[in-house]
Amino acid sequence: MEALGRRPHAIPMCVILTLLLLVTVAHSFYLPGVAPKDFVKGDLLKVKVNKLTSVKTQLPYSYYSLPYCKPEKIVDSAENLGEVLRGDRIENSPYVFKMREPQMCNVVCRITLNAKDAKEFKEKIDDAYRVNMILDNLPLVVPYKRPDIDSLVYQHGFDVGLKGLYAGRTDEKYFINNHLTFTVKYHKDEETDAARIVGFEVKPFSVKHEYEGKWDEKTRLTTCDPHAKRTVTSSESPQEVEDKKEVIFTYDVEFQESEVKWASRWDTYLYMADDQIHWFSIVNSLMIVLFLSGMVAMIMLRTLYRDISKYNQLETQEEAQEETGWKLVHGDVFRPPTNSDLLCVYVGTGVQFFGMILVTMIFAALGFLSPSNRGGLMTAMLLLWVFMGLFAGYASARLYKMFKGTEWKKITLQTAFMFPGILFAIFFVLNALIWGEESSGAVPFGTMIVLVLLWFGISVPLVFVGSYVGFKKPAIEAPVKTNKIPRQIPEQAWYMNPIFSILIGGILPFGAVFIELFFILTSIWLHQFYYIFGFLFLVFIILIVTCAEITVVLCYFQLCSEDYLWWWRAYLTSGSSAVYLFLYAAFYFFTKLNITKPVSGILYFGYMLIGSYAFFVLTGTIGFYACFWFTRLIYSSVKID
């Protein structure tokens with residue numbers, strides 16, 4: 001708002017009003033389509049269970065894959081496409097509370113472990129698995145204090161169990177968290193008796209429960225008794241996990257009134273302690289942009305204005321060489337490149353990807369894709385990708401026609417199948433690996449069919465429609481005529497070597513995004529919420545500008561040294577930032593993650609390969625269009641003798 005305040009004349013009033021309207025809309029409605037639920041005292045609150053997750057293995061499992069207490073009938077909650085792809089498996093549970101009625105030492109069930117059960121629990125404890133639950137669409141969290149900051153930090157779900165030593169023993173034992181102390185926070189309406197749930201927390205304990213006599217439904221525990229007001233407050237005598245051991249699962253529920261209103265109940269989950277780092281990242285990226293913008297402005301001034309006004313009055317021989325270098329290749333600069341078909345396909349795919357990212361970011365920044373709408377982000381991206389096929393077909397056909405191509409159907413098929421085909425092949429292999437591990441993260445066969453139907457049934461026809469429209473339009477005319485015989489390219493200086501200049505070009509776009517990339521990787525692989533789409537949108541705009549400017553600068557240097565093969569070079573210059581992205585992902589894997597299983601490592605690098613490939617297509621297309629616009633601009637403003 002400071003910027004708006006300083007220069008009121010620079011921004012039209014209608015734009016300010018529209019922005020204000022959007023901001024008020026975003027604040028006055030709870031945008032994700034989840035309506036608040038009111039509960040009066042005594043209403044049933046049903047806890048749902050979600051997948052078991054681990055940052056060590058990255059393989060989710062369904063809650064009932066472990067021998068936990070089951071309800072009479074397990075009912076699956078309807079999951080959207082995004083939830084299924086994320087591996088969410090939401091089911092009912094035997095944990096049922098009554099609103100604002102505290103409970104103590106409720107026994108859920110009693111089980112006797114056999115060797116197989118004990119082994120499964122031990123494996124999950126070894127791999128640091130956490131149990132996730134949901135109440136009124138809020139995920140269960142464990143609050144804990146971090147020494148470096150004052151406020152509480154929330155961790156998703158609670159540990160299945162822990163490993164530890166008994167006093168005076170040398171061998172490590174496994175203990176299960178079998179007693180849960182839930183805290184349900186609610187915000188009460190002052191006028192009515194109704195309340196809304198605004199928090200769901202738990203403290204897990206491991207307790208070896210004891211009782212007298214034989215076990216039946218009326219047995220009272222001696223370790224945890226509501227009548228004697230004896231509650232579980234520590235894990236002093238923990239419950240060991242071994243064959244033939246008896247485990248009794250219990251829970252307490254307490255209700256706390258909270259000042260937090262329902263509309264801001266997610267704020268504690270999304271609290272970012274390090275937003276200063278984001279601002280630092282944006283300022284750092286803006287410096288790169290300013291430096292590049294200065295260079296582009298200088299080039300524009302020299303080539304367009306000074307050149308045209310003093311066309312034949314060059315001052316020195318050296319300047320003559322520099323000023324005319326790019327003009328000498330005017331007869332070859334718009335000659336179609338080698339593998340022009342492939343370039344058309346990649347440019348079309350990049351346009352499709354750019355459209356998907358842009359629209360997703362706008363929706364996310366306005367709050368439509370809140371984390372309370374689980375799987376919403378993934379579903380939105382998939383559907384947008386499918387519908388953006390229209391623009392992919394249009395962009396590739398327009399470029400293909402400019403290259404004097406005639407077989408538009410061939411180019412359309414390649415655009416519709418090449419990039420998604422490669423992605424689907426990698427995804428299929430990774431999914432087979434997850435399936436082999438019997439994880440709930442494996443995409444079911446039915447969902448695979450849905451994905452293929454989306455691709456073949458909607459995306460491919462839309463690519464054809466876009467291509468048809470694009471090919472029907474008149475071809476893009478080059479501003480200068482192309483010579484029949486290609487001109488010889490003089491020997492280039494070492495720093496103009498294609499590989500060297502392409503790799504140099506990728507450093508700055510990567511530098512503009514890498515701090516934000518750290519937070520994105522942390523949210524994906526360390527299971528934290530990422531919800532700072534405002535920052536991300538700014539970084540995305542900086543990325544677009546950086547890709548465009550670095551490509552224009554390097555393209556100008558290339559043309560000045562009389563090398564006119566700029567088409568592919570422009571695409572690869574900014575696209576090479578994907579190489580650095582993949583290298584950074586590898587660095588992150590070895591420094592920040594403690595993944596031990598080979599399958600999990602393959603999954604990580606497989607998904608990061610897909611991400612880097614998509615980033616290559618996106619940044620390459622931005623660079624290509626910037627360079628295409630630049631060459632058309634400079635050659636159309638000079639009268640060639």
Side-chain angles (χ1 to χ4, degrees), residues 22 26 29-35 50-51 53 55 58 60 77-90 132 134 137-139 156-157 265-267 269-272 278 352-389 420 423-424 427 430-431 440-441 443 447 450-451 454-455 458-459 513 516-541 543 581 585 603-604 607-608 610-615 617-618:
L22 284 173
F29 293 110
Y30 191 66
L31 281 169
V34 187
N50 200 344
K51 59 190 175 185
T53 53
V55 292
Q58 302 295 339
S77 286
E79 287 135 7
N80 61 37
L81 187 58
E83 282 178 313
V84 175
L85 293 175
R86 279 170 31 141
D88 282 350
R89 297 291 177 270
I90 301 166
N132 292 288
I134 300 164
N137 208 33
L138 269 183
H156 281 248
R265 66 181 189 160
W266 277 86
D267 292 1
Y269 290 78
L270 309 176
Y271 170 69
M272 292 297 292
H278 294 275
Q352 186 176 6
F353 209 80
F354 180 80
M356 176 193 89
I357 296 282
L358 185 69
V359 179
T360 306
M361 292 255 192
I362 291 168
F363 274 110
L366 289 175
F368 283 101
L369 301 174
S370 152
S372 65
N373 184 4
R374 252 181 311 278
L377 185 67
M378 186 85 87
T379 311
M381 285 174 80
L382 258 173
L383 293 176
L384 280 167
W385 166 265
V386 166
F387 289 114
M388 288 292 165
L423 251 58
F424 201 79
F427 177 69
L430 295 178
N431 199 55
S440 73
V443 175
T447 310
V450 171
L451 291 176
L454 278 174
W455 179 13
I458 303 174
S459 184
V513 298
E516 210 56 40
L517 185 70
F518 169 80
F519 289 100
I520 294 170
L521 290 180
T522 303
S523 78
I524 295 171
W525 300 107
L526 297 179
H527 306 156
Q528 292 172 10
F529 277 122
Y530 183 90
Y531 198 61
I532 28 179
F533 289 108
F535 280 119
L536 192 60
F537 194 59
L538 274 174
V539 170
F540 181 59
I541 290 166
L543 175 71
L581 187 139
L603 281 183
Y604 176 85
Y607 284 129
M608 291 321 296
I610 289 177
S612 303
Y613 184 37
F615 194 70
V617 170
L618 173 74

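- The distance from atom CG of N80 to atom CG of N373, rounded to the nearest 0.5 Å, is 7.0 Å.
- In this structure, the side chains of W455 and W385 stay at 4.5 Å or more apart for every pair of heavy atoms.
- Between the side chain of N132 and the main chain of K51, a donor-acceptor pair closer than 3.5 Å is present.
- At a cut-off of 3.5 Å, with distance as the only test, a side-chain donor of N137 or R374 sits close to an acceptor on the other residue.
- Side-chain contact between Y613 and L423: present, with at least one pair of heavy atoms (C-beta onward) separated by less than 4.5 Å.
- T447 places no side-chain N or O within 3.5 Å of a backbone atom of V443 that could act as its donor or acceptor partner.
- Side-chain contact check for W266 versus P139: some heavy-atom pair is nearer than 4.5 Å.
- L358 contributes atom CG, which lies 5.5 Å from atom CZ of F537 (distance to the nearest 0.5 angstrom).
- Taking CD of Q528 as the start and CG of L521 as the end, the distance is 12.0 Å to the nearest 0.5 Å.
- Considering only heavy atoms from C-beta on, F533 stays 4.5 Å or farther from L366 through its side chain.
- We find the CE-CZ distance between M388 and F353 to be 12.0 Å, quoted to the nearest 0.5 Å.
- Judged purely by atom type and a 3.5 angstrom limit, Y604 uses its side chain to pair as donor or acceptor with the backbone of A585.
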Steps toward side chain to side chain contact (heavy atoms under 4.5 Å, CB included) verdict (L383, L81): CA-CA 10 Å; L383 293 176; L81 187 58; 5.6 Å; no

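- Inter-residue side-chain proximity for M361 and M356 is flagged as unmet; no heavy-atom pair is nearer than 4.5 Å.
- Here the CG-CG distance, from L603 to L430, works out to 5.5 Å after rounding to the nearest 0.5 Å.
- Between F363 and F368, the two ring planes are perpendicular [angle over 60°; tilted spans 30° to 60°].
- For the pair R89 (side chain) and S440 (backbone), a donor-acceptor distance under 3.5 Å is present.
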Check against side chain to side chain contact (heavy atoms under 4.5 Å, CB included), L451 and L85: CA-CA 10 Å; L451 291 176; L85 293 175; 4.1 Å; yes

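- Here OG1 of T360 is found 9.5 Å from CZ of F540. Values are rounded to the nearest 0.5 Å.
- By the ring pair (Phe, Tyr, Trp, His ring centres under 6.0 Å) test, F615 pairs with no residue at all, sequence neighbours left out.
- Checked by atom type and distance alone, the side chain of E516 never pairs as donor or acceptor with a backbone atom of V513 at under 3.5 Å.
- Looking at every heavy atom in both residues, N431 comes nearest to G441 through OD1-O, 4.2 Å.
- Side chain of T53 to main chain of P60: no donor-acceptor pair is present (N/O by atom type, distance under 3.5 Å, no hydrogens or angles).
- Inter-residue side-chain proximity for F519 and L536 is flagged as unmet; no heavy-atom pair is nearer than 4.5 Å.
- Across every non-hydrogen atom of H527 and H156, the tightest pair is O-CD2, 4.1 Å.
- No side-chain heavy atom of V617 sits under 4.5 Å from any side-chain heavy atom of Q352.
- Contact check for W525 versus I520: no side-chain heavy atoms found under the 4.5 Å cut-off.
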